[in-house]
Amino acid sequence: MGISFVFLIGLTFTMLYFIYKYNRKKNPVATQIEGSTKLEIIWTVIPTLLVLVMFYYGWAGWVPMRNAPKDSFNIQVTGRMWNYTFQYENGKTTDTLFVPMNKAVKLKLISMDVIHGFYIPAFRIKEDVVPGREKSAWFIAQQEGLFELFCSEYCGLDHSYMYTYVKAMPEQKFNAWYVDTTKHVDAAVVDSPTANGKRIMKNIGCFACHTVDGNKLVGPSFKGIYGHKVTVTTGGNDREVTVDDEYIKKSIYDPNADIVKGYNKGLMQPYVGQLSEDDIKQITEYLKTLK
Amino acid sequence: MQTAAQIPHDVNYLDYKGKYKGIFAWIFSTDHKRIALLYMFSMMTLFLVGVALGLAMKLELIAPGRTIMGPQSYNAVFTVHGVIMIFMIVIPGLPAVFGNFMLPIMIGAKDVAFPKLNLLSWWIYVLGAFLVIASVLFGNGIPDTGWTFYAPYSFKTGTNLLPAIFGAFVLGFSSILTGLNFIVTIHRMRAPGMTWFKMPLFPWSLYGTAWIQLLATPVVGITLVLVALERIFGIGVFDPALGGDPVLYQHLFWIYSHPAVYVMILPAMGAISEIIPTFSQKHIFGYKAIIASTLAIAFVGYFVWGHHMFTSGMSGTAQYTFSILTFIVAIPSAIKVFNWISTMHKGSINPEIPFLWAVTFIFVFMIGGFSGLVLGALATNVYVHDTAFVVAHFHFIVFGGVGFAFFGAIHYWYPKMFGRMYDKAWAKMGWAFFTVGFLTLYSPMFYLGMMGMPRRYYDYLPEFHAANILSSLGSWVMAFGLVIVIINLFRSAKNGPIAEINPWHGKTLEWTVPSPPPVENFDEIPVYGEKDGPYNY
Amino acid sequence: MENATQHSDPHYDQEASKLGMWLFIFTELLLFGGLFLVYSIYRFLNPEAFRLAGEELNLTIGAINTVILLVSSMTIAMSTSSLQKKNKGLTIFLLEVTIMLALIFLINKYFEWGVKFEHGIWPGSQHLVNEMSKGEILFFGLYFVMTGLHALHIIVGMIIIIVALNKVQKGIVNENRPSLLENAGLYWHLVDLIWIFLFPLFYLIH
Ligand code: HEA
Ligand code: HEA
Ligand code: CUA
Ligand SMILES: [Cu+2]
């Protein structure tokens, strides 16, 4: 894009020069020139050639970005309002993207709700994550370290907080981490029976919309939720329900069946397939403690 | 409507007393000049709101974390900022104000072809603006989708989006009607002897613009209606849960909105093409080439919308086709720049205020345009798409381009419109502050974008801090310049020295009528002879 | 639109108002053009579902409505030419017939939609969302939007014709100043033309 700078500077100076040279004071009578076909042709053709060159470089740099090598390492990325989760082929699930160095990594991009933008500036990749479509992106990390991963497509309230990190590790270190299939949950010290539930919720991002301290974000707060009565709208009719195990499970697997009054339909997406019944039991245990 | 015999010819349009009194003499007037001023004042008001919101954003971004507002407010602020600026200011801006005022005079007509329709367009414009404002003031929450209303977020958000969408739709309708009016006016009402190739360049650019308005606006109209229906009934066309495709929405949206950016810039280029020859006292260089490039931009501009969607999932063929067309559309702009600069060559340049604005226009337009080329190249686009780089690009070109042209135009035609001259020293100072502020405000955003800061970000990581401070400082300098410019223009409308009929020694027809022009512009329709032309100095 | 043609200023320019009307019609076509585009894309993506859903529409009502519109197009065209022949009475009669036909069209439409509603088919209905495939949801979504928008145009067209009728009666629109009537006619042909596209798309193609 150096050409652009040359043109910018060149033309600006020509312009300034003309303004100075042909100032009224110096050149009181203008010479009338109506145009020149030759010049017009020259300055149509030259920029055309230049832009074609630019196009070529843009294109050539882009083609290899399209297709991932066959032997890439596969990771599934799920984007939702407002966090990403990463699932590895052996079932590991994380909220930070761990990748081996010097190996092609292929990402399968899935969105649960609205369009997000998967963006890692350090590796120069960006791809929109579109609900209802399966998209992919790939890269090779050549350096060890921690790199930023943003959501680049505007997706609502906490769009600017929808970022996490990519952690690139040397292959052996990565493998050691990878084969440790004891899930994320077990990494923490189990200090109370409800810690698991909290951890799961943190990993999958419930707290993007819900608080535990009574403040209202996008969804209702979890404070004192268990055992309370709430008014919900089911298929257009209001009714009152008491929050129990069944209701919580339904709220997670089919959130749009009962809509809590004062909130909007369609924001929370079903977590079928992402949270097991067992996970939900643990979440429920945790919710019970929030008095 | 009065018949011709009743209208006195020696009264200027500002003093003229018609059927109605007071404010009604304005809001029910079918005089194209009064309608132009109506547009100008309504836009000025909205524009100041938009500027205030812009400044609020910059203040918020001066430091990471919360400064003056929460994320929900920030999202609402940039949405309303974008909607106001795009749909209410820069798209209708130059055509509605200067087009309405100058087009009939420049082609030697007494009014536009359908004066009542013209007034109706203004009313529709006001209605649209009110709808958008209603969405801010009432209901549960200010719209927070961004001005692009991307599906599916636009029917998931709980905020009061419907009035805003209908508002945008209604504004589109107003712009269709104005476009229609201008096309008919230009076809039917040119002065005798003024052939197509004797028409000044500003009307020419309005002609190209009007066609884009006519051809592209209905598509976005129907798209917005679909989003609204989707929100109310859930018809499913853009909702992936019901089988629809959100990317289709983007296609339909940009099919309009890319041509719309040329709706903004063409009249601006037209105005520049008037100012430069006048102050160089010289025939415009390459008159026909400029016309050809206007039409070429209008035409090719239809086929490049995909460059907004390089990352949203299109086939590879589509991607490079759009990329190459994007580059092609830059050529006509380049031709114009070369012609403007050549016009100055060997001219007799009188660097008055309008000329200064015009030259700065060329400068910032080039920067904006070159950054557009960076965005048009596939590899670089993927990297900087949806980052602050894009924000810098479009502020440079939209508001650097259109804004500077607007101020150039207003300083150029001001003596004609109000019959008075502004204070030149103040005007020059306003211009200087404005330019410096502008460059400090937006240049850092290029850098931020290259560093990877995404756009529409309420909060950012500490490494982006320094550039953001600089940019916020710039916003205050520019606002200061803007205040000077506006106060100067306002004060002079009443108190400025009386202006001559032709203070700049221009050759187009508007400089032959008194300032301010009489009600029906011309006592007798001027006749263009064999040797007459708009730029024969 | 109406203003485009009504204005009674001294520079009455028939050519100009005709040009204006044509441009306006052009934008209307583009408006529906956008919808046709959406329709064809989804039809291409869900051919089977669109075929199935199309069979649920009532071909007879559709066909009757097509004939009605074609006849009404004819009557309004005839009214223009009878105005030129200075036959004011006939003009008014033909315009009334046109309005009647439009009304019958709407009544038919009302019953057609009514039947759909009875079957639990309307945009966003429980039945649609739960029991039909995504392609069918799209088909009916588009069906309601496009025919609904078209019905809206019929209503607007009727209003314009009524205004024209009124002015013919008062003699404001006469053989020397026929623009309003001609433009009403043009608009009506447009409404008709759009239906000619809608009919095969929804009812005929299987
Ligand atoms: C007035 C409005 C306007 C104008 C005129 C333009 C003009 C151009 N725009 Fe811009 N654009 C916008 C308004 C505008 N744009 C807006 C509002 C957005 C953001 C929308 C959103 O997402 O919110 C946008 C976004 C945008 C994108 C998408 C970015 C992204 O989201 O990823 C792209 C990509 O290609 C692009 C490209 C271009 C190009 C190539 C031109 C060209 O027409 C520029 C041509 C001009 C020149 C090239 C300079 C002059 C020429 C010379 C001095 C001669 C020398 C030239 C050569 C050698 C070639 N623009
Ligand atoms: C014409 C268009 C226009 C104008 C003038 C402006 C003016 C300003 N804008 Fe911008 N802006 C947009 C169009 C515009 N903007 C759009 C479309 C978006 C995207 C929204 C989205 O993402 O959805 C955006 C987004 C945007 C952001 C990014 C939000 C984000 O991504 O996080 C920021 C951040 O600082 C910003 C700042 C400002 C500031 C400080 C000003 C101002 O304060 C600067 C002051 C301006 C002036 C001093 C004068 C300019 C003069 C004229 C234009 C002519 C006047 C015409 C008449 C009076 C009729 N704007
Ligand atoms: Cu997710 Cu922005
Ligand atoms: Cu574009």
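In the text below, chain A, chain B and the rest are named by the order of the sequence lines, each starting its count at 1. Atoms considered below: every heavy atom in the structure, side chains included; atoms not considered: hydrogens, waters and symmetry mates.
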Atom pair CZ (R455(B)) and OG (S160(A)), whose distance is rounded to the nearest 0.5 Å: 14.5 Å

Any side-chain heavy-atom pair of I125(A) and V382(B) under 4.5 Å: no

D386(B) and Y154(A) side chains, donor-acceptor separation under 3.5 Å: no

Parallel, tilted or perpendicular: ring planes of F150(A) versus Y457(B), cut at 30 and 60 degrees: perpendicular

Neighbour count >12 (heavy atoms, 6.0 Å) for atom OH, Y447(B): no

Non-hydrogen side-chain atoms of I115(A) and Q250(B) separated by less than 4.5 Å: yes

Audit row: Y119(A), T387(B), side-chain contact (heavy atoms from CB on, under 4.5 Å) steps and yes/no: CA-CA 10 Å; Y119(A) 177 34; T387(B) 65; 3.7 Å; yes

Heavy-atom pair of closest approach, residues E127(A) and T311(B): OE2-O, 3.0 Å

Side-chain heavy-atom pair Y458(B), H159(A) within 4.5 angstrom cut-off: no

Within 6.0 Å of NZ in K135(A), more than 12 heavy atoms from elsewhere: yes

For H385(B) against E153(A), the heavy-atom pair lying closest together: NE2-OE1, 4.3 Å

Selection from A122(A), C151(A), G117(A) maximising heavy-atom pairs under 4.5 Å formed with chain B: C151(A)

Which atom of P454(B) lies closest to which atom of S152(A), heavy atoms considered: CB-CA, 4.2 Å

Part of Y161(A) lying under 4.5 Å from any heavy atom of chain B: side chain

